[in-house]
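In what follows, a structure is listed as structure tokens, so that the remarks can point back to it.
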Number of protein chains: 2
Amino acid sequence: MTMHTVVFMISADPEGARYKRLAAVLRTRINSGELRVGDKLPSEKDLKDEYGMARETIRKALGLLRGEGLIEVRQGHGTFVRGKGEGRIVKLAKGERATARMPTPTERHELDIPEGVPMMVITSSDGKEKLYPGDEIVITS
Amino acid sequence: MTMHTVVFMISADPEGARYKRLAAVLRTRINSGELRVGDKLPSEKDLKDEYGMARETIRKALGLLRGEGLIEVRQGHGTFVRGKGEGRIVKLAKGERATARMPTPTERHELDIPEGVPMMVITSSDGKEKLYPGDEIVITS
DNA sequence: AGTGATTTGTCCGTATGTATA
DNA sequence: CTATACATACGGACAAATCAC
């Protein structure tokens with residue numbers, strides 16, 4: 001039995017953009033458990049060297065994953081696998097309605113929502129709105 | 001009283017990145033009603049000429065708005081102001097829980113969810129999940 | 001406290017490909 | 001077929017945040 005490191009190649013098949021294929025590879029590395037919550041991904045420079053892409057292309061791939069709420073990027077620090085959130089439970093009162101949308105940058109800052117995480121909006125019958133980070137709330141009847 | 005066209009300038013105050021300020025300007029032009037649902041935004045080239053930024057910078061600004069579900073970009077066609085969705089109402093059954101997250105590219109394609117729109121996940125007590133585009137659903141108790 | 005190295009953020013310019021009108 | 005418009009990719013440069021020492 002030969003010991004070997006698993007190298008996740010970018011498929012030579014030119015199906016789709018390179019940054020999308022790289023994102024798919026990284027998504028697999030995360031979902032497969034090779035990279036766990038809190039783990040640091042390779043730096044953009046390392047990914048650039050490893051996959052032979054321009055840094056901008058690497059960043060586009062990371063941007064996709066960030067948009068899915070799968071990773072968190074901290075300037076000067078690194079890129080990390082994000083957790084799923086606690087799942088605080090909120091009971092929907094009579095007449096209240098819940099919907100989801102993406103927050104504006106202002107709302108993101110005020111509610112401390114990371115990029116790529118939606119927002120849950122609960123509207124009561126009088127029109128007042130309550131806002132929650134979408135990954136930290138579960139609604140029950 | 002002087003008649004004048006309102007020109008949305010990029011504030012000279014260098015607060016934040018240029019693409020974020022441009023996004024804020026465009027967001028205002030949309031929310032103020034100057035640009036309505038379905039309206040076409042200026043082309044990337046026009047925005048580039050108008051604001052004197054590189055096209056990549058323009059695209060980053062548009063990317064922000066796309067990430068908020070505010071605009072829709074169609075290759076070879078243009079950039080358009082997105083509608084808010086219908087608001088189909090779904091009643092939450094006993095034991096069901098609702099949460100929101102961003103869809104993966106696969107889920108986006110299968111549910112025909114535009115970029116920047118979250119997904120509502122309704123989980124029943126037996127673990128089965130129902131998926132809805134987040135901007136086309138409203139949940140009531 | 002400070003300095004340098006690392007890492008991500010922003011911005012620019014250019015070129016080419018793909019989709020639509 | 002041509003022109004327009006968005007998509008992808010590369011390269012370079014400097015700024016800003018963080019870390020290691």
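Below, read A as the first sequence line, B as the second, and so on, with proteins coming before strands; counting in each chain starts at 1. Note that the coordinates shown come from a computational prediction; the quantities given were computed from them, not determined experimentally.
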(message) In this structure, how many angstroms lie between the P atom of dT8(D) and the CG atom of L22(A), rounded?
(response) 14 Å

(request) Report the distance from atom CG of L41(B) to atom C1' of dC6(D), rounded to the nearest whole Å. (result) 13 Å

(request) Rounded off to whole Å, could you give me the CG-to-P distance for the L62(A) and dT7(C) pair? (result) 14 Å

(message) So which atom in A98(A) and which in I139(A) form the shortest heavy-atom distance, rounded to 0.1 Å?
(response) CB-CD1, 3.5 Å

(request) May I have the step-by-step check of side-chain contact (heavy atoms from CB on, under 4.5 Å) for T140(B) and L92(B), ending in yes or no? (result) CA-CA 6 Å; T140(B) 69; L92(B) 214 59; over 6 Å; no

(request) Kindly compute the distance separating OG1 (T104(B)) from CG (L111(B)), expressed to the nearest 0.5 Å. (result) 9.0 Å

(message) Output the rounded distance in Å from CZ (R59(A)) to P (dG11(D)).
(response) 16 Å

(message) If you count heavy atoms of other groups shown closer than 6.0 angstrom to NZ of K45(B), is the number above 12?
(response) no

(message) Can you give me the closest heavy-atom contact between R36(A) and V81(A), atom names plus distance?
(response) O-CB, 3.2 Å

(request) Would you kindly give the CD1-to-P distance between I71(B) and dA5(D), to the nearest whole Å? (result) 16 Å

(message) How many whole angstroms separate atom CD of E72(A) from atom P of dA17(D)?
(response) 17 Å

(request) May I have the distance from Y51(A) (atom OH) to dA9(D) (atom P), rounded to whole angstrom? (result) 15 Å

(message) Any side-chain N or O of T79(B) below 4.0 angstrom from OP1/OP2 of dA5(D)?
(response) no

(request) Produce a footprint string for nucleotides 11-21 of chain C: one letter per nucleotide, 5' end first; B if the base is under 4.0 Å from any protein heavy atom, S if only the sugar-phosphate is, - if neither. (result) BS----BBBBS

(message) With a 4.5 Å cut-off on side-chain heavy-atom distances among I, L, V, M, F, W and Y, is there a chain of contacts connecting L47(A) to I30(A)?
(response) yes

(request) Calculate the interatomic distance between L47(A) atom CG and dA9(D) atom P; express it in whole Å. (result) 15 Å

